[in-house]
Amino acid sequence: MLPYINAPFEYVAGALGNSTDELKLIFSFYLSYPLAAVLKRIPDREPWKKNLFIISVSMFYLVGLFDLWSGLRTILISAGGAYAISSQIQSPYMPWIGFVFLMGHMSVNHIYRQAVNDPSVFDITGAQMVMVMKLTAFCWNVQDGRLPESDLSDFQKEHAIRTLPSLVDYLGYVFFFPSLMAGPAFDYADYSQYITTTMFTLPPGTDSSVAPPTRKKRKIPRSGTPATIKGLYGTLWLFAFIKFSGWYYPAFFLGGEYMKYNFFRRIWQLYMLGLTTRMKYYAVWSLSEGSCILSGIGYNGLDPKTNRPKWDRLTNIMPLEIESAQNARAYLGFWNINTNHWLKNYMYLRVTPKGQKPGFRATLATFVTSAFWHGFYPGYYLAFVLAAFVQTVAKNGRRLIRPLFMTPDGKMPLPTKRYYDIFTVLLTQTVFAFVVAPFILLGFSDTLKVWARVYFYTLIGVAASFALFSRSLPLRKQLVQRQSARTALDESAIEKAAREELQKESLTRTDTQDSMASHSKVPLLGIADDPEADIVEIVKEVKAEIETRRRRGSLMQGFDVKKAVQEKLKQFKKA
């Protein structure tokens, strides 16, 4: 630690009642803004200088500000191990070896952190969690770079590393200071394009007049305004967290005062505990994203509608979408977005054999990875398991009930849909107030105590929903039948679709084929001499398919008449 640097933080911390390390962490987020502005002004033609500046700032944060020599050692071990594994092991199992090494190393620190159990002291596990995402992705990207492009998906092609980076470039990627402490994580391909400024090259064919404005001869567009907006959002969330955390904190829910309120008030307070905790993450991730935008790495091309630069490449959180989510998928999808991307691209899809769809094994591997990545507090696992059940129930409910508030074709909402939307927002927020409580309380006994104080309402609701939506009870069948009854057998629509498809087929005939048809009764391109008879037959078979689906109790929502006609026409061709 640099001499005397601790003194002002100790003074302010004593006045505010916060810990010194917490103030230092907040200070580092704000300090990253002017330092990101300096980074942006280093000449584009000298990327090595940018790398050295990035590494130097991170050294100041870790050692000069926090005195985290052990943290520096941890990052170097992880980074060095990942680089050595990816460069020296020529095996298709290389990324998995890197994954086990990085997760194992982080798990040791998680266990130590849990043993110390002092949230006020800053340690390296938060930064290491970000590092694990970056470095496991790096190992996979190196492995993708060794494969032919025909074996890769579009995402893999874009992020593959064909040539191993130099140590300076690699360390610049590892120690990128705007996202060092709290993320967001990103792939090496993004950093490489950023440091070489190829990220800011206009796509071929783009009019140069729509190029975003830059200063002097730099290629990085101006980003002061969007960065300032993100910084202001982060500051507002920070002040809100400081204010609300004095009212809603874990100890209150474990004490006797909480039980003085009625059941509905206790649920409201549990929701506010979750919201207050989320405010902290909204603040941290907004501030971090703002400095990334200011540095330029948040650039994501031009908006095709406005031709203005987009700065959402590293967006990690969408607060309004979370707080107004209508279902579990939306709630979880807008939270920690980059971690969701990492789990999807480097776990969920990687454990699935080529040519197959992800199944239970992929889901289980993703769940286990996410749980271990967070740590070993029982609350994490209680929340994960319950969230999985909630997501399943929500999917079933949405599939069975939502179509009743839409037009029969599922394309337009009915007037009653607004009431469905309001109800699902309230239900989602109420359910997740219960689900996220273990993430905040962490302990098993503390979680059960608070859950019991609200009578396990979500557990009971989930169990009841599984029973009600099961095939053994009549509710599911009644909902399916009600959907089917709303789907009218519109014979004219089927006939219209059949005529359109037959007309398309007839237009594909060549003059030669038409001439041949005049001398032969053999159908051409599957089209018979009597199209009216085919239309009648198609209408008859499509109606029969609809009736069959109704009798089986299959959902009619989204049944595509046009597609059904096309399938029948294909069958006629083969006959």
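These figures come from a predicted structure and were not determined experimentally.
For the ring-ring contact (aromatic ring centres under 6.0 Å, His included) criterion with Y83, the lone passing option out of Y170, Y188, Y173 is Y170.
A parallel orientation is assigned to the rings of H105 and F101, their planes being inclined by less than 30° (bins at 30° and 60°). In this structure, Y331 and F432 have parallel ring planes: the angle between them is below the 30° cut-off, well short of the 60° mark. Between W247 and F244, the ring-plane angle classifies as perpendicular under the 30° and 60° cut-offs. Taking the six-membered ring for Trp and thresholds of 30 and 60 degrees, F9 and F27 have ring planes more than 60 degrees apart, a perpendicular arrangement.
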Could you give me the CA-CA distance, side-chain angles and deciding distance for I75 and L180, then say whether side-chain contact (heavy atoms from CB on, under 4.5 Å) is met?
CA-CA 10 Å; I75 291 178; L180 177 68; 4.2 Å; yes
Could you walk me through whether T369 and Y346 satisfy the side chain to side chain donor-acceptor pair (under 3.5 Å) test, starting with their C-alpha distance in whole Å, then the side-chain angles of each, then the deciding distance to 0.1 Å, before giving a yes or no?
CA-CA 10 Å; T369 299; Y346 298 109; over 6 Å; no
Does the side chain to side chain donor-acceptor pair (under 3.5 Å) test come out yes or no for S179 and K134, once each step is laid out?
CA-CA 11 Å; S179 65; K134 294 171 71 172; 4.5 Å; no
side-chain contact (heavy atoms from CB on, under 4.5 Å) between F389 and F466, worked out
CA-CA 9 Å; F389 282 104; F466 265 106; 3.6 Å; yes
Test side-chain contact (heavy atoms from CB on, under 4.5 Å) on Y233 and I317; report intermediate values, then the result.
CA-CA 12 Å; Y233 282 152; I317 199 78; over 6 Å; no
Take S70 and L68 through the side-chain contact (heavy atoms from CB on, under 4.5 Å) test and state the conclusion after the steps.
CA-CA 5 Å; S70 61; L68 266 178; 4.1 Å; yes
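Between the side chain of Y457 and the backbone N or O of I267 there is no donor-acceptor pair closer than 3.5 Å. Judged purely by atom type and a 3.5 angstrom limit, S286 has no side-chain atom pairing as donor or acceptor with the backbone of A283. Between the side chain of R350 and the backbone N or O of N345, at least one donor-acceptor pair lies under 3.5 Å. Between the side chain of H110 and the backbone N or O of W373 there is at least one donor-acceptor pair closer than 3.5 Å. No donor-acceptor pair under 3.5 Å is formed between the side chain of D303 and the backbone N or O of K310. Under the 3.5 Å distance criterion, the side-chain polar atoms of R453 are left unmatched by any main-chain donor or acceptor of M259. Put simply, the side chain of N327 gets close to the backbone of R329: a donor and an acceptor are under 3.5 Å apart. No donor-acceptor distance shorter than 3.5 angstrom exists from the side chain of R266 to the backbone of Y258, with no hydrogens or angles considered. In this structure, the side chain of Q429 engages the main chain of E323 through a donor-acceptor pair within 3.5 Å.
For F155, the CZ atom is densely surrounded, since the number of other residues' heavy atoms within 6.0 Å is greater than 12. Atom OH of Y271 has more than 12 heavy atoms from other residues, nucleotides or ligands within 6.0 Å. Heavy atoms from other residues, nucleotides or ligands lying under 6.0 Å from NZ of K344 number 12 at most. With a 6.0 Å radius and a threshold of 12 heavy atoms from other residues, nucleotides or ligands, F252 has its CZ atom above the threshold.
Here the closest heavy-atom approach between residue A137 and residue D187 is recorded as CB-OD1, 3.5 Å. Residues I54 and G172 approach most closely at CG2-O, 3.6 Å, considering heavy atoms. Counting all heavy atoms, side chain and backbone alike, V390 lies closest to A328 at CG1-CB, 4.3 Å. When all heavy atoms of A185 and L314 are compared, the closest pair comes out as O-CD2, 4.2 Å. When every heavy atom of L441 is checked against every heavy atom of P250, the shortest pair comes out as CD2-CB, 3.9 Å. A pairwise comparison of heavy atoms in L404 and L414 identifies O-CD1, 3.7 Å as the closest pair.
Considering only heavy atoms from C-beta on, V351 stays 4.5 Å or farther from T366 through its side chain. In this structure, P378 and T447 have side chains that are not in contact, with every pair of non-hydrogen atoms separated by 4.5 Å or more. Side-chain contact between L25 and F66 is present, with heavy atoms from C-beta onward closer than 4.5 Å. T276 is not listed as a side-chain neighbour of Y249, based on a closest heavy-atom distance of 4.5 Å or more. Counting only heavy atoms from C-beta outward, the side chains of Y61 and L35 approach each other to under 4.5 Å. Residues L72 and F175 form a side-chain contact, since some pair of their non-hydrogen atoms from C-beta on lies under 4.5 Å apart. A 4.5 Å side-chain heavy-atom check between I229 and W311 finds every atom pair outside the cut-off. Proximity of L31 to F29: side-chain heavy atoms (C-beta onward) are nowhere separated by under 4.5 Å.
Between W140 and F99, the ring centre distance reaches or exceeds 6.0 Å. Taking the six-membered ring for Trp and the full ring otherwise, F372 and F376 have centroids separated by under 6.0 Å. For F186 and F176, the ring centers are positioned less than 6.0 Å apart.
Using a 3.5 Å distance cut-off with no hydrogens or angles, the side chains of S19 and D21 do not pair a donor with an acceptor. Side chains of Y30 and T235: a donor on one and an acceptor on the other come within 3.5 Å. For T125 and Y112, the side-chain atoms include no donor-acceptor pair closer than 3.5 Å. No side-chain N or O of S245 forms a donor-acceptor pair with one of K280 less than 3.5 Å apart. Between the side chains of N6 and K24, at least one donor N or O lies within less than 3.5 Å of an accepting N or O. For the residue pair W342 and T136, a side-chain donor N or O sits within less than 3.5 Å of a side-chain acceptor on the partner. Side-chain contact, N340 with Y348: no donor N or O sits under 3.5 Å from an acceptor N or O.
Taking CG of L270 as the reference point, atom CD1 of I440 lies at 7.5 Å (rounded to 0.5 Å). Atom CH2 of residue W237 and atom OH of residue Y281 lie 15.0 Å apart, to the nearest 0.5 angstrom. Of the inter-residue distances, the one linking Q326 atom CD with E321 atom CD reads 12.0 Å to the nearest 0.5 angstrom. Atom CG of L275 is separated from atom CD of Q269 by 13.5 Å, given to the nearest 0.5 angstrom. Here the CZ-CZ distance, from F434 to F456, works out to 6.5 Å after rounding to the nearest 0.5 Å. We find the CD-CZ distance between Q128 and R113 to be 12.5 Å, quoted to the nearest 0.5 Å.
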All N/O donor-acceptor pairs, side-chain side in residues 287-299, below 3.5 Å, sequence neighbours left out:
{"residue": "S288", "atom": "OG", "partner": "P178", "partner atom": "O", "Å": "3.0"}
{"residue": "S288", "atom": "OG", "partner": "G183", "partner atom": "O", "Å": "2.3"}
{"residue": "E289", "atom": "OE1", "partner": "K230", "partner atom": "NZ", "Å": "3.3"}
{"residue": "E289", "atom": "OE2", "partner": "T315", "partner atom": "OG1", "Å": "3.0"}
{"residue": "S291", "atom": "OG", "partner": "S288", "partner atom": "O", "Å": "2.9"}
{"residue": "S295", "atom": "OG", "partner": "C292", "partner atom": "O", "Å": "2.7"}

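Shown here are the salt bridge (charged side-chain N to carboxylate O under 4.0 Å, His left out) partners of D190, two or more places apart in sequence or in another chain: R313.
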